[in-house]
Amino acid sequence: MAKGKSSRSRANAETMAAKQRDISVSEFFAKNRHLLGFDNPRKALLTTVKEAVDNALDACEEAGILPDIEVKIEEVTPPPAVSKPGRYRVTITDNGPGIVRKQVENIFGRLLYGSKFHRLKMSRGQQGIGISAAGMYGLMTTGKPMVITTRPHKNKPAHHLELAMDTSKNKPEVTIDVETDDFPEGTGTRVAIEMEAKFFRGKGSVETYLEQTAISNPHCSITFIPPDKANENPDLAEADPDITADDQGIVRTQEFSDRIVYPRTVDELPPETEEIKPHPYGVELGTFLSKLKQTEEKQLTGFFKNEFCRVPPSVVASVTKEASTKSKSFSGSTWVKTIDSHDAEKIYKALQESKLRAPPTDCLSPIGVKTMLAGLLKGVKAEFYTASTRKPAVYRGNPFQIEAAIAYGGDLPGDQQARVIRYANRVPLLYQQSACSAFKSVVDTSWKNYGMQQPRGGAPVGPLVVMIHMASVWVPFTSESKEAIADYDEIRKEMTLALQECGRKLGQYIRRRQRMKRDAQKRDVFERYIGEIAKACNHLTGVDTKDFYDKLLEQAKARTEIADAQLDDEGNFVKDEHGRLAKDDDVIILDSKAVDDASPEGDSTISETKPVTKKKRVTKKASKKKRTTKKTTKSASGLFGG
């Protein structure tokens, strides 16, 4: 008997079309929250604090206010097991300008809503996703709405709202909306989010993020109250000791019984940035064609003036002349609507080949050499600091600027790989280090040329901290979670050059320290034997022993005078004839012991001489040195008569 045919129903175009519908952006990110940095409870806590602190810093700087930020993490429900998450309440309070009432629910209750996406101006936030995504994560894991308290006018009550997000529509749902006086004096905003998370210390933690944020933003004062301190003494007014400097006059991070304070060390805000137009270099042909279609300008001169930067009328004239042919000519007065795609491509190629000025720098706010050094002094205990800021460059039509700084010696461990601190628009990047262009540039730099050890394909080994900062109107992150910088050739090149500038100063410092150490050892040898030499000469020639000893000691000091190099009260070398390092404003040297005392492994992290590739030359020099030592020993033996 034949088997019956399957009665499976097959879909057709109409039934498939009936199932298709729009997907809300919040619904998409709710299912793919790992794209925003909420892929595990440990990382979710850090991402929440990061997004809130970044927004607070942007708001304060734009309003011209020195930021005072408080980060408080309270344990609501302890973790049931070590491997399980607990429930925490994260509260971030700032002294910024506050938020007007009608914008509160849009800012905190909608994804992809903000003021920074469409402008070419340096800022920490870019996409309008972060803080609203944190509230969405808290709602999904605990069912608790986000609590926002903001006061835009210091003489009026604050607005208190509790809102949730409707992920199917990407719209906020306000449950409580009242006015309150329960807010610190002045303007500002307080955000509280309850979520499932894991609190931990060490690498990749909230504490590490705040420490690195304080380094790149020394104009900011940050107070951190971790769970163990929040439960003991939640009222900071009960204990407010003064922040004091250490023995070297440096104000560093200080921990009290009820909080950790990252003090303000610079009383000036970063330079205010200005919005700019795209730079023609790196703008792709498709973007150029889109701008031609969307522009409201009538003629080419106005089009180039208002759609791009650094394209003056003289450049427009040369570009149109280069793009003109016998059949069709162009000029600044050519009507935009008469240009077809073929003509636009010729104009685009001529524009790319023309010589244009670098993009304006007022759209960028680099940290600056002095500010980077002040931040490193506050957060890193070392003996040598130097920094470098590169000139602005362009990638894909977006201006960017690279800065680098290094700290060496001091209390840093000498038997580990160098610590690399990465920043993008003053924001620390704590994850995906190996995928970041900043870390790759550190690996590509030849640190052996500067007296450091470096394994093949790895970071240098020694008491070293490397800091790299990229400032740009649009940082090319590898994902929406903003954890690593994409590897563009232009960016990697500028990072490498900035590191090389710092490396040259580090190499000069290490060589000087090595020379001071060697000359000090030579002087010890001289002082050990000149007494016996003076006695022997007195016995042979009758010369005065004390007078001859003093002259020999004077010669020994003259031959090893670099060992007596002094440091001034600011930690810089006193001007001498042994180098130009003391004259540099981008170098700070703190008084300390020799380099080998800063490293537990002694000289194992420092290369005494430049690497030599010819082994025969090394062997030959070693043999000559050995023969010279034998002759010296023999003549000394004959002098003292055995």
Side-chain angles (χ1 to χ4, degrees), residues 24-59 69-76 85-94 96 99 103-114 116 123-150 161-167 170-175 189-199 204-206 209-210 213 224 227 427-431 477 479-483:
S24 168
V25 62
S26 56
E27 193 175 11
F28 171 81
F29 281 117
K31 289 187 176 182
N32 299 277
R33 60 192 185 192
H34 59 279
L35 297 176
L36 303 178
F38 295 93
D39 42 346
N40 60 70
R42 291 163 56 99
K43 203 171 173 183
L45 187 64
L46 169 66
T47 303
T48 300
V49 173
K50 172 179 173 295
E51 296 295 345
V53 171
D54 290 350
N55 289 348
L57 289 172
D58 275 339
I69 300 174
E70 178 186 294
V71 179
K72 184 177 181 181
I73 302 177
E74 302 172 271
E75 186 179 74
V76 179
R87 182 174 289 192
Y88 294 87
R89 183 183 297 111
V90 183
T91 306
I92 296 92
T93 308
D94 65 63
I99 304 171
Q103 289 289 356
V104 172
E105 56 258 44
N106 289 327
I107 292 174
F108 294 96
R110 290 177 60 186
L111 294 179
L112 293 178
Y113 184 90
K116 305 169 185 176
S123 62
R124 294 170 180 83
Q126 292 184 174
Q127 302 161 345
I129 294 179
I131 191 62
S132 50
M136 181 181 69
Y137 175 82
L139 181 67
M140 293 173 59
T141 56
T142 66
K144 299 287 185 179
M146 189 187 312
V147 181
I148 302 104
T149 308
T150 181
L161 289 87
E162 295 185 12
L163 62 86
M165 179 190 295
D166 184 354
T167 57
N170 191 29
K171 289 184 179 181
E173 294 179 347
V174 179
T175 57
T189 302
R190 180 172 62 215
V191 181
I193 303 174
E194 192 169 320
M195 63 176 62
E196 278 193 357
K198 279 186 178 182
F199 179 80
S205 64
V206 173
Y209 162 77
L210 294 176
T213 300
F224 177 44
V427 178
L429 308 177
L430 301 183
Y431 288 93
F477 292 111
S479 67
E480 292 83 356
S481 57
K482 299 183 291 187
E483 296 172 344

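Note that the structure is a prediction, hence the values are computed from the model and not measured.
- Using a 4.5 Å heavy-atom cutoff, the side chains of L46 and R42 are not in contact.
- In this structure, the side chains of K43 and Y431 come closer than 4.5 Å at one or more pairs of heavy atoms.
- Within the 4.5 Å cutoff, the side chain of K72 has no heavy atoms near those of the T93 side chain.
- Heavy-atom minimum distance, G109 versus S132: N-CB, 4.4 Å.
- Nearest heavy-atom pair, E483 versus L429, reported as atom, atom and distance to 0.1 Å: O-CB, 3.6 Å.
- Between L163 and P145 there is no side-chain heavy-atom pair separated by less than 4.5 Å.
- Distance check, rounded to the nearest 0.5 Å: CD1 of I73 to OG1 of T48 gives 9.0 Å.
- Scanning both residues, R110 and M165, for their nearest heavy atoms gives N-CE, 4.1 Å.
- For the atom pair OG1 of T167 and CE of M140, the computed distance is 7.5 Å after rounding to the nearest 0.5 Å.
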What do the steps show when you test L45 against K198 for side-chain contact (heavy atoms from CB on, under 4.5 Å), and what is the final call?
CA-CA 7 Å; L45 187 64; K198 279 186 178 182; over 6 Å; no
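- Between the side chain of Y209 and the main chain of P428, no donor-acceptor pair closer than 3.5 Å is present.
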Chi angles and distances behind the side-chain contact (heavy atoms from CB on, under 4.5 Å) call for Y137, I193
CA-CA 9 Å; Y137 175 82; I193 303 174; over 6 Å; no
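- Residues T213 and L57 are in side-chain contact: their nearest non-hydrogen atoms beyond the backbone lie under 4.5 Å apart.
- Taking 4.5 Å as the limit, every side-chain heavy atom of F108 sits out of range of all side-chain heavy atoms of L161.
- Counting only distance, with no hydrogens or angles, the side chain of T175 and the backbone of E162 share a donor-acceptor pair below 3.5 Å.
- Listed for the T189 side chain is no donor-acceptor partner under 3.5 Å among the backbone atoms of T150.
- Annotation: side chain of M146 is not in contact with side chain of L139 (no heavy-atom distance under 4.5 Å).
- A distance of 5.0 Å separates CG in D58 from CZ in R124, rounded to the nearest 0.5 Å.
- Here the closest non-hydrogen pair linking E196 and T142 is N-CG2, 3.7 Å.
- One finds the CD1 atom of I148 at 8.0 Å from the CD1 atom of I99 (value rounded to the nearest 0.5 Å).
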Kindly indicate, with the supporting measurements, whether the criterion side-chain contact (heavy atoms from CB on, under 4.5 Å) is fulfilled by R190 and T91.
CA-CA 7 Å; R190 180 172 62 215; T91 306; 3.6 Å; yes
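- When all heavy atoms are compared, the tightest approach of M195 to G138 is CB-CA, 4.0 Å.
- By the 4.5 Å heavy-atom criterion applied to side chains, K482 and E51 are counted as neighbours.
- The shortest heavy-atom contact between A133 and L111 is N-CD2, 3.7 Å.
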